[in-house]
Amino acid sequence: MTSRPRQVELAFDPAAIDRKWQARWEQDGLHKVSDDDPRPKWYEMTMYPYPSGDLHIGHWYAMAPADSHARFRRMQGYNVLHPIGFDAFGLPAENAAISRGIHPYEWTISNIDNMRRQLRSLGASYDWDREVITCLPEYYRWNQWFFLKFFEKGLAYRAKAPVVWCPSCQTVLANEQVLNGTCERCGTEITRRDLEQWFFKITEYADRLLDFTGLEDWPDKILTMQQNWIGRSEGVEISFDISAVRDSDGAALEETEIRTFTTRIDTIFGVTFIVLAPEHDLVPKLTSAKNRQAVDDYIAKARQTSEIDRLSSDKEKTGVFTGSYAVNRLNGERVPIYIGDYVLTTYGTGAVMGVPAHDARDFIFARKYKLPIRIVIAPIEWDGKELGDAYLGDGFMTNSGAYDGMTNDEGKTAIAIDLEKKGWGSRTVSFRMRDWLISRQRYWGTPIPMVYCDTCGVVPVPEADLPVLLPQDADFKPTGESPLAANHDFVHTKCPKCGEDARRETDTMDTFMDSSWYMMRYLDPHNEDEPAGPKVLKQWMTVDQYTGGAEHAVMHLLYSRFFTKGMHDMGLVDYDEPFLRLFNQGVILGADHEKMSKSRGNVVNPDDFVGKLGADAVRCFLMFIGPWDQGGPWSDVGINGTARWLNRVWDIAARDADKLGDTSVNADVVRDTNRLLHQTIRKCHNDLDRFKFNTAIACLMEFTNHLNRVWADASIDAETWRECTSKLLLLLAPMAPHMTEELWEMNGHPYSIHQQDFPTWDDDLAAEDVITLIVQVNGKVRDKIEVSVDIEEKEAQALALASPRVQPYVQGKSVAKTVYVPGRLVNVVVE
RNA sequence: GCCGAAGUGGCGAAAUGGUAGACGCGCCGGUCUCAAAAACCGGUGGGGGUGACUCCGUGUCAGUUCGACUCUGACCUUCGGCACCA
């Protein structure tokens with residue numbers, strides 16, 4: 001409350017104008033989108049918000065530029081669908097509800113009411129009849145419907161697995177929701193649990209998800225992140241012989257081999273040990289009586305180790321010997337079998353062959369436990385000495401029997417082929433991505449439509465019985481078990497198959513289920529028979545432009561791609577990518593260049609600025625700060641500049657053009673003004689097309705400045721003035737929809753400015769006839785001369801050399817050559 | 001550690017390999033005013049010079065080029081992602 005920034009005084013009342021036009025547009029249904037429209041369609045979607053209760057400046061930063069772009073497309077002649085909805089299920093509603101003793105439904109719906117009002121204050125061109133709210137049965141019944149379809153197709157399955165658990169949220173999480181070993185939502189360190197849960201088989205689509213050919217314009221960053229997340233590795237699964245191992249009774253084991261996965265089969269002759277994950281099934285059987293105690297202790301310790309520590313790559317590599325040996329079939333060597341927690345049970349086969357000479361982790365492990373290190377890929381210029389570190393590069397095969405002398409690349413293929421012939425292994429592909437765990441032990445989500453019957457097993461709820469309603473009266477406080485399990489009426493049901501007593505599944509679905517298909521529901525939000533009708537799907541999908549934050553790279557954006565491909569394969573839709581183009585906006589920061597947070601006290605409340613300066617000023621300032629994909633700091637004083645400019649636009653557009661007499665009109669200035677108009681239209685159009693709002697606004701500012709100058713000396717005629725000001729309003733309309741509508745009306749144009757065509761330009765009129773020719777000597781600028789745009793090279797060179805400011809630099813020196821860039825410069829190279 | 005993006009005035013930034021700093025903020029000066037605010041006009045990268053001018057300048061160091069903020073290589077810094085994935 002100390003140094004209050006000086007306040008811009010406006011010549012108009014933005015708040016009144018905002019209200020006036022928002023009401024009028026609403027009343028006229030200006031933003032209603034018809035399915036029967038002859039114009040080409042453009043589906044432009046922005047990621048729907050979570051109804052946290054308040055539309056903060058980050059929401060504005062996501063929504064306002066997106067709306068401006070949609071408006072721009074509309075003026076270009078497209079039938080634009082730019083819908084909005086609410087991602088209304090999820091933990092925060094429950095947590096907030098628990099702490100306040102209010103039902104999640106009440107909390108969510110009242111937040112939505114408030115945010116709807118705030119979204120309207122932004123002047124966004126949403127068709128509210130298409131609004132989607134995911135926590136309503138009209139919506140989530142289709143989650144259940146899709147779940148049944150995926151189940152039928154074998155893409156949804158139930159399995160016991162070591163899943164991620166958040167002790168604070170008291171629920172399992174998907175792998176994608178773990179950040180550095182902590183819960184993505186609350187930051188609590190995660191643990192693991194062995195639970196039976198529902199999964200979606202996203203891994204079955206791993207290869208297809210890596211194929212980005214159907215995506216026209218996605219940021220490389222997102223594609224890279226998805227690629228890394230999926231983590232495809234080509235390698236070989238090779239087994240080691242354990243048929244010689246005997247159990248405590250001296251009997252042979254049921255299993256005769258250990259399967260391992262490697263990407264470096266060329267190093268197979270360098271194997272000096274095997275390491276199994278502590279959780280590996282074979283561990284108890286392979287552990288000798290003598291080593292039992294040490295192994296059990298190690299496993300117990302591994303269990304206690306936190307996920308963060310366990311996953312840290314800096315951690316010391318530890319392990320214990322099981323007492324058993326396996327045989328490397330390629331050279332008949334016996335190697336010790338260890339367990340070690342640097343081997344993950346969830347990747348590959350949960351077992352690795354230890355090649356210390358050529359793997360950094362195995363190297364450290366071998367040093368620690370004094371295991372032999374045998375070089376089998378000779379480094380280029382290797383002096384035959386011991387290695388100080390694992391050698392990971394290429395080289396020639398050595399100590400590798402028949403393969404000696406091959407390059408390791410050749411060796412890779414040769415060994416793989418031989419292994420396959422002998423049946424000891426096969427080429428295979430491993431993925432880092434795991435199946436999508438969708439069960440949640442929480443209340444505020446879509447009930448999973450499954451029933452457990454003692455006689456029939458797992459039985460899907462028949463489609464006709466959907467939706468399985470989320471009971472209103474559940475005790476939703478988290479206990480670690482789903483709150484629905486405590487609801488007697490919900491749990492106890494009849495088996496759809498045999499009619500006997502049965503129990504319902506009490507877990508709910510991950511909310512990323514909701515967002516995996518919401519783009520379809522906007523097309524047909526009131527359809528009671530299907531998620532969306534085939535006719536509207538055909539007409540609108542896929543989404544032409546999607547905008548939103550990059551934080552969803554490997555969650556929502558990956559899930560929805562998978563979901564779409566699944567639907568495609570079931571014949572439910574005929575496209576297999578949901579979003580053709582993607583644009584990620586950056587993050588809006590506090591004035592201190594830090595992330596906004598209450599504890600820092602740098603949070604900006606948009607409502608304050610909207611009330612004083614108007615929605616248009618806030619919209620334009622957010623777009624003017626910098627490139628949209630870059631984000632940037634908010635500035636309480638910076639916005640005054642944008643407000644001042646809009647005020648000047650107001651002033652200019654409100655002037656009476658007839659006050660410009662003929663007496664001082666200057667034909668050159670009229671021509672220059674016309675040229676600038678056409679250049680401005682061109683630049684503004686091209687910038688808006690590519691989301692470069694900051695430079696689009698800058699060029700409109702330049703045009704505004706020019707108009708002010710020519711008004712001051714009355715050097716242009718009234719007609720030109722009217723032409724320029726009305727085009728200026730049209731160019732600005734997508735970004736400042738309220739005040740341009742008001743000025744449009746004041747100037748006697750027909751309602752609405754937002755239904756007009758975006759101005760077009762004429763390249764001939766935009767072309768310069770005089771240019772500034774840069775004259776350089778050895779690349780340094782020495783003079784600038786005004787010349788005709790179509791000047792000949794010879795003449796340009798002559799003018800350059802004749803320049804008195806160039807003369808001193810060329811005098812007495814020989815001109816080696818001159819470089820002429822038409823319309824740009826002449827560079828004289830001397831000596 | 002690996003992958004990716006980015007380093008330009010006091011600040012946000014702009015520049016198809018061709019005038020570095022458009023546009024805006026802030027600041028300085030002026031007009032208006034009793035005064036201030038607002039508004040408007042002018043100035044504003046740094047050094048030197050009364051001046052016309054001149055030298056330096058886009059993270060650092062090399063390179064390619066007639067010419068590099070832009071391309072190449074190495075390094076430094078910041079941010080984002082992944083992080084024992086065999």
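Chain letters run A, B, ... following the sequence lines, proteins first and then strands; every chain starts at 1.
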request  = Could you check how far CH2 of A:Trp645 sits from P of B:A38, rounded to whole Å?
outcome  = 21 Å
request  = List in chain and number order the residues that pass ring pair (Phe, Tyr, Trp, His ring centres under 6.0 Å) with A:Tyr347, two or more places apart in sequence or in another chain; answer none if no residue qualifies.
outcome  = none
inquiry  = What is the separation between atom CG on A:Asn778 and atom C1' on B:G18, rounded to the nearest whole Å?
reply    = 15 Å
inquiry  = I'd like the P distance from B:G67 over to B:A13, given in whole Å.
reply    = 32 Å
Which protein N or O atoms sit under 3.5 Å from an N or O of nucleotides 55-58 of chain B?
residue, atom, partner, partner atom, Å
B:C56, OP2, A:Lys780, NZ, 3.2

Residues in side chain to side chain donor-acceptor pair (under 3.5 Å) contact with A:Asn584, at least two apart in sequence or another chain = none
ask   = Is A:Arg805 touching bases, backbone alone, or none of the nucleic acid, heavy atoms closer than 4.0 Å?
value = sugar-phosphate
inquiry  = Suppose you measure atom P in B:G17 against the same atom in B:G81; what distance do you get, rounded to whole Å?
reply    = 31 Å
request  = Sticking with atom C1', work out how far B:G80 lies from B:A15, rounded to a whole angstrom.
outcome  = 26 Å
request  = Quote, to the nearest angstrom, the C1' distance that separates B:G45 from B:G26.
outcome  = 15 Å
note = Judged by whether its glycosidic angle lies within 90° of 0, B:G9 is syn
query = When rounded to the nearest Å, what value does the distance between C1' atoms of B:C55 and B:G63 take?
reply = 25 Å
task = Tell me, please, which residues at least two apart from A:Arg367 pass side chain to side chain contact (heavy atoms under 4.5 Å, CB included).
result = A:Phe363, A:Ile373
Secondary-structure stems, RNA chain B, at least 3 Watson-Crick or G-U base pairs under 3.5 Å = B:1-7 with B:76-82, B:10-12 with B:23-25, B:26-31 with B:39-44, B:45-48 with B:53-56, B:59-63 with B:71-75
Short side-chain N/O contact to B:A38 OP1/OP2 from A:Arg644, under 4.0 Å = no
ask   = How would nucleotides 9-17 of chain B be written as a contact map, 5' to 3', with B for base contact, S for sugar-phosphate-only contact and - for no contact, using protein heavy atoms under 4.0 Å?
value = --SBSSSB-
